[in-house]
Visitor: 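Can you keep this structure in mind? I'll have questions shortly.
In this chain, numbering begins with 1 at the start of the sequence shown. Remember, it's 1-based here, ligands and their atoms both numbered in the order they're listed.
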Amino acid sequence: MNRVAVIGGGAWGTALAQVAARAGRETILWAREDDVVRAVNADRQNPVFLPDIDLDPNIRATGDLAELAGCDLWLVVTPAQHMRAVLEQAPRCEAPRLLCSKGIEERSGKLLHDVAAEASPGAPIAVLSGPTFAHEVARGMPTAVTLAAKDTDLAETLRTALAQPAFRMYVSDDVAGAEIGGAVKNVLAIAGGVVEGRALGQNARAALIARGFAEMTRFGMAFGARPETLAGLSGLGDLVLTCSSVSSRNYSLGKGIGEGQAASDLMADRKTVAEGAFTAPVLARLAQAHGITMPIVDAVADLLEGASVDRVLEGLLARPPRPEGV
Ligand SMILES: NC(=O)C1=CN([C@@H]2O[C@H](COP(=O)(O)OP(=O)(O)OC[C@H]3O[C@@H](n4cnc5c(N)ncnc54)[C@H](O)[C@@H]3O)[C@@H](O)[C@H]2O)C=CC1
Ligand SMILES: O=C(CO)COP(=O)(O)O
């Protein structure tokens, strides 16, 4: 695992390149934007997606996917909706793919490990997920994540290659659980932002986190996740993080909606990705198709389509009472 490729020069890809370089790996960061490649190589900075952070000299950027062919491990950090296309353009090789993006592919309804398996036949797949704001990880601040692979030897090998005292990796074999937590929390973080933007109060925030977690658990259990994974770093841990801070792009999007701005205006011209906006419609669709009740997710999907905050809130508060268990 000496040569590590990071595919995606956004905030999270750049932060993970820091992690790999600090672990002593020769690290190649593939970025789509020429100005990112230039700035990383010339100035050791990524001013476009992760400003004001000095990057490790062991990171070299490239805009050429062909250069990744000789790498021993690929960290895949594209936005979820672009993962398939980027992997299909990348050279064929059987280096393990560690998927670090969070989402569900909108058009197929597939989790990202299924997308990656189709786009990179023969390559082993693992997933990294958890409460990880990129700017904190890039600065070396203490962080813990879930690293999941069906093959537990692979998970251990990847952990050994990347883990550091301030980047703790907890291994698991629950790939679906790790992915579902990260995908669903992005949608719930938008709702968390609406609570803030509408000044609905701290009680409402706590209710949202608890009832949102019930929705995540219902969905996860139906799709093969284990409850302890959902209650861990990649589920509840990340839900708490992103429902509490404007550092979350999903939360900020929801905050703008709660303050009365149109979701379409907020989404237009965004350079950074708010994955929850793409996951919400497909998650709502999958839940409906499988008879899983997810009223908060449905509410977020409606808000993104332009429904009024007051009407959506009224609908949620008028739901008939039910027993608390999930
Ligand atoms: N930023 C963070 O703190 C964290 C992000 N993630 C996840 O990592 C993934 C990537 O997010 P960030 O690095 O934050 O991105 P970002 O929001 O910083 O940057 C946007 C990224 O999208 C890429 N992009 C835009 N259009 C594209 C296209 N047509 N094809 C391929 N790539 C395209 C850009 O090149 C850039 O890398 C997302 O799934 C996100 O949920 C996960 C954990 C933490
Ligand atoms: O996934 C994240 C932290 O774990 C980042 O959240 P946002 O994409 O909402 O910024």
Visitor: Counting only heavy atoms not in Arg168, do more than 12 fall under 6.0 Å of its CZ?
Guide: no
Visitor: State plainly whether the residues Arg211 and Glu215 are in salt-bridge range, i.e. N to O under 4.0 Å.
Guide: no
Visitor: Report yes if the distance between the aromatic ring centroids of Phe219 and His290 is under 6.0 Å, otherwise no.
Guide: no
Visitor: Show the atom names and distances, to 0.1 Å, of all donor-acceptor pairs under 3.5 Å that link a side chain in residues 191-199 to residues at least two apart or in another chain.
Guide:
{"unit_1": "Glu196", "atom_1": "OE1", "unit_2": "Arg205", "atom_2": "NH2", "d": "3.3"}
{"unit_1": "Glu196", "atom_1": "OE1", "unit_2": "Tyr251", "atom_2": "OH", "d": "3.1"}
{"unit_1": "Arg198", "atom_1": "NH1", "unit_2": "Gly258", "atom_2": "O", "d": "2.9"}
{"unit_1": "Arg198", "atom_1": "NH2", "unit_2": "Asp310", "atom_2": "OD1", "d": "2.8"}
{"unit_1": "Arg198", "atom_1": "NH2", "unit_2": "Asp310", "atom_2": "OD2", "d": "3.3"}

Visitor: Is there a donor-acceptor pair closer than 3.5 Å between any side-chain N or O of Asn46 and the backbone N or O of Gly9?
Guide: yes
Visitor: Using a 4.0 Å heavy-atom threshold (strictly under), name the region of Glu275 that reaches ligand 1: side chain, backbone, both or neither.
Guide: side chain
Visitor: Show the protein residues that qualify under the rule heavy atom under 4.0 Å from an atom of ligand 2, listing them in chain and number order.
Guide: Lys102, Gly130, Pro131, Thr132, Phe133, Lys185, Asp238, Leu241, Thr242, Ser247, Ser248, Arg249, Asn250
Visitor: If you measure every N/O of Val77 against every N/O of ligand 1, is any gap under 3.5 Å?
Guide: no
Visitor: Can you name the atoms of ligand 1, numbered from 1 with element, that are less than 4.0 Å from a heavy atom of Thr132?
Guide: 3 (O), 43 (C), 44 (C)
Visitor: With Asp54 as reference, evaluate Arg44, Gln18, Gln45 under the side-chain hydrogen bond (donor to acceptor under 3.5 Å, both in side chains) test and give the passing residue.
Guide: Gln45
Visitor: Hey, does Gly9 sit under 4.0 Å from ligand 1 if you only count heavy atoms?
Guide: yes
Visitor: Using 0.5 Å steps for rounding, measure from the CG atom of Leu230 to the CG atom of Leu236.
Guide: 9.5 Å
Visitor: What atoms of ligand 1 come within less than 4.0 Å of a heavy atom belonging to Arg249?
Guide: 1 (N), 2 (C), 5 (C), 14 (O), 16 (P), 17 (O), 18 (O)
Visitor: If you measure from the Lys or Arg side-chain nitrogens to the Asp or Glu carboxylate oxygens, is any gap between Lys102 and Asp238 under 4.0 Å?
Guide: yes
Visitor: Considering only the protein, which heavy-atom contact is closest to atom 22 (O) of ligand 1, and what is its distance?
Guide: Pro79 CG, 3.0 Å
Visitor: Please state which protein non-hydrogen atom is closest to atom 26 (N) of ligand 1 and give its distance, to 0.1 Å?
Guide: Arg32 NH1, 3.3 Å
Visitor: Looking only at protein heavy atoms, which one is nearest to atom 3 (O) of ligand 1, and what is the separation?
Guide: Ala134 N, 2.9 Å
Visitor: For ligand 1, indicate whether the residue Ala85 contacts it via side chain, backbone, both or neither (heavy-atom separation under 4.0 Å).
Guide: neither
Visitor: Looking at side-chain heavy atoms only, is the closest gap between Lys255 and Val246 below 4.5 Å?
Guide: yes
Visitor: Which residue holds the protein heavy atom closest to atom 8 (O) of ligand 1, what is that atom called, and what is the gap in Å?
Guide: Trp12 CD1, 3.4 Å
Visitor: Indicate yes or no: does an N/O atom of Gly8 lie under 3.5 Å from an N/O atom of ligand 1?
Guide: no
Visitor: Could you list which atoms of ligand 1 come closer than 4.0 Å to a heavy atom of Gly13?
Guide: 13 (O)
Visitor: Which of the atoms of ligand 1 are close to Thr272, meaning less than 4.0 Å from one of its heavy atoms?
Guide: 17 (O)
Visitor: Any carboxylate oxygen within less than 4.0 angstrom of a Lys/Arg side-chain nitrogen, looking at Asp173 and Arg226?
Guide: yes
Visitor: Salt bridge or not for Arg60 and Glu67, using N-O below 4.0 Å?
Guide: yes
Visitor: Nearest protein heavy atom to atom 36 (C) of ligand 1, by residue and atom, and its distance?
Guide: Phe49 CZ, 3.7 Å
Visitor: Within the distance-only criterion (no hydrogens, no angle test), does the side chain of Arg218 pair as donor or acceptor with the backbone N or O of Ala287 below 3.5 angstrom?
Guide: no
Visitor: Has ligand 1 got any nitrogen or oxygen that is less than 3.5 angstrom from a nitrogen or oxygen of Val273?
Guide: yes
Visitor: Heavy-atom distances under 4.0 Å are what count here, so tell me which part of Lys271 touches ligand 1: side chain, backbone, both or neither.
Guide: backbone
Visitor: Check this for me, if you would: do Glu105 and Lys110 make a salt bridge, where the nitrogen-to-carboxylate-oxygen distance has to be below 4.0 angstrom?
Guide: no
Visitor: Using heavy-atom distances only, which candidate in His82, Glu33, His135 approaches atom 30 (N) of ligand 1 most closely?
Guide: His82
Visitor: More than 12 heavy atoms of other residues, nucleotides or ligands under 6.0 Å from CD of Gln288: yes or no?
Guide: no
Visitor: If you count the atoms of ligand 1 from 1 in the order shown, which ones are under 4.0 Å from a heavy atom of Phe133?
Guide: 3 (O)
